[in-house]
Amino acid sequence: MNFLNKFFIALFAVSLSGAIMAFCLDSTILKADFVAAQADKSGVYDTLAQQLPKAIADNQSDPTLQAALTKVVTAQYLRTNIDQYLHALEQTYRQGGTVPTLDLSGIVLQVESLGVHLSAEQAASLSQKLMIQPGAQQDSTNGSSSNQTPASTASSRNPTVSPWLSRVAQSKWLLALASLVLAALVVLTATHNRWRSLGRGCIYSLAWLGAYYFLLRMIPNLASHQLAKAGSGNPLTTSVNNLVALSAAGVAQRLLFTMIGLAAVGALLFAASLLPKWGGHVHKGEKEGGEKRTPLPSLVRKKD
């Protein structure tokens, strides 16, 4: 029975740490408001507003078009449209369905409203370039998607990310329920002190969460190394690196607060295990100096 109790304590620790991590992820990087706030702090919108007009008109020699794009593509315009896309993406993550498309094709209409004449071919090319779909492969030479394969087109229409992310929302409740069940099994299989067994499970969970916290702190360094390969002098690379660092720090901070709370719960459980009233029952007739504690009704079978 001692082995069974230790086994349930180990499962309880893994389940509880997984549930806590799932709740932290679901309330931070998987929420549109959190990601939008970190993007605003990192300066991604300002950097995109500076570089996106050049990227849109990379094969256009008309200086008037370039000037009009600079007026239209502002940080506020990008913030509004990307925030709407993030909320649609969050809804897809929580409810399932097709991954949404980031539609910035309204830039073309605003450019034309400034008096810039675009041919039908130019307008179609720019509109298609500004329809950003996950998984879509665009030709960087002419800005079109004419060279997409059927597989890449299908991948842009199918919810390639949402099903995996939806499991996070589901797993947090499943793991929380499993933690409650395992906590009850830890109590029922404890042959000596129930509260100490639960406290030990909390300590083991803290060890798992400490490993997650360490990984979150390592993510910015890993991301910086990978983004440096794409071009360390690119302002957009610096902004994206800041976004990753801020997002990881936000998740780590939420996790740290939860770890402090869990440590307090574990300390209370260990303190309760030291009290005779909570630690177990005392046999009647035993001497004061020779107290013998017996477990409450549990899964332990009494010997005949």
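Rounded to the nearest 0.5 angstrom, Gln253 CD and Cys24 SG are separated by 11.0 Å. Remark: Asn2 CG to Ser197 OG distance equals 8.5 Å, nearest 0.5 Å. Here Asn241 contributes atom CG and Asn221 contributes atom CG; the two are 9.0 Å apart, rounded to the nearest 0.5 Å. To the nearest 0.5 angstrom, Leu25 atom CG is 13.0 Å from Lys31 atom NZ. Here the CG atom belonging to Leu215 is positioned 9.0 Å from the OH atom belonging to Tyr212, to the nearest 0.5 angstrom. Here the straight-line distance linking atom CG of Asp46 with atom CZ of Arg79 works out to 6.5 Å at 0.5 Å rounding.
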- Would His87 and Asp33 satisfy side chain to side chain contact (heavy atoms under 4.5 Å, CB included), going step by step from the backbone distance to the final call? CA-CA 8 Å; His87 282 87; Asp33 292 335; 2.9 Å; yes
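Smallest separation of non-hydrogen atoms from Leu216 and Met21: CD1-CE, 3.9 Å. The two residues Leu262 and Ser205 make their nearest non-hydrogen contact at CD2-CB, 3.8 Å. Contact between Asn193 and Ser273 at its shortest, heavy atoms only, is ND2-O, 3.0 Å. Listed here is the closest heavy atom pair of Tyr45 and Asp83: OH-OD1, 2.9 Å. What you find for Gly199 and Leu269 is that their closest heavy atoms are N-CD1, 3.6 Å. Across all their heavy atoms, Ala13 and Tyr204 have their closest contact at CB-CB, 3.4 Å.
Proximity of Ile107 to Leu126: side-chain heavy atoms (C-beta onward) are nowhere separated by under 4.5 Å. Between Ile9 and Phe12 there is no side-chain heavy-atom pair separated by less than 4.5 Å. Contact of the Ile203 side chain with the Phe270 side chain is registered, since non-hydrogen atoms from C-beta on lie closer than 4.5 Å. Using a 4.5 Å heavy-atom cutoff, the side chains of Asn5 and Val186 are in contact. Looking at heavy atoms from C-beta onward, Arg196 lies in side-chain contact with Leu274 at the 4.5 angstrom threshold. The side-chain heavy atoms of Leu104 and Tyr85, taken from C-beta on, include no pair separated by under 4.5 Å.
Put simply, the side chain of Ser15 gets close to the backbone of Leu175: a donor and an acceptor are under 3.5 Å apart. Between the side chain of Ser105 and the main chain of Ser127, no donor-acceptor pair closer than 3.5 Å is present. In this structure a side-chain-to-backbone donor-acceptor pair under 3.5 Å is missing from Gln110 to Val72. Remark: the backbone N or O of Tyr77 is paired with a side-chain donor or acceptor of Asn81 at under 3.5 angstrom. Put simply, the side chain of Asn242 gets close to the backbone of Thr238: a donor and an acceptor are under 3.5 Å apart.
Linking Ile, Leu, Val, Met, Phe, Trp and Tyr whenever their side-chain heavy atoms come within less than 4.5 Å leaves Val251 and Met218 in two separate clusters. In the hydrophobic clustering of ILVMFWY residues, with side-chain heavy atoms under 4.5 Å counting as a link, Leu78 and Leu130 come out together. No continuous path of ILVMFWY side-chain contacts below 4.5 Å connects Leu109 to Leu114, so the two sit in separate hydrophobic clusters. Hydrophobic clustering (ILVMFWY, side-chain heavy atoms < 4.5 Å, transitive): Leu255 and Val265 are in one cluster. Cluster annotation: Ile219 and Ile29 are assigned to the same hydrophobic cluster (Ile/Leu/Val/Met/Phe/Trp/Tyr, side-chain heavy-atom contacts under 4.5 Å, transitive).
Among residues two or more places apart in sequence or in another chain, the side-chain contact (heavy atoms from CB on, under 4.5 Å) test is passed with Val44 by Ser42, Leu48, Ser239, Leu243. Under the ring-ring contact (aromatic ring centres under 6.0 Å, His included) criterion, Phe23 pairs with Trp173, sequence neighbours left out. Under the rule for a side-chain hydrogen bond (donor to acceptor under 3.5 Å, both in side chains), Gln38 has no partner lying at least two apart in sequence or in another chain.
Checked by atom type, the side-chain pair Thr101/Asp103 shows no donor-acceptor distance below 3.5 Å. There is no side-chain donor-acceptor pair under 3.5 Å between Thr80 and Gln84.
Classification of the Phe7-Phe3 ring pair by plane angle, with boundaries at 30° and 60°, yields parallel.
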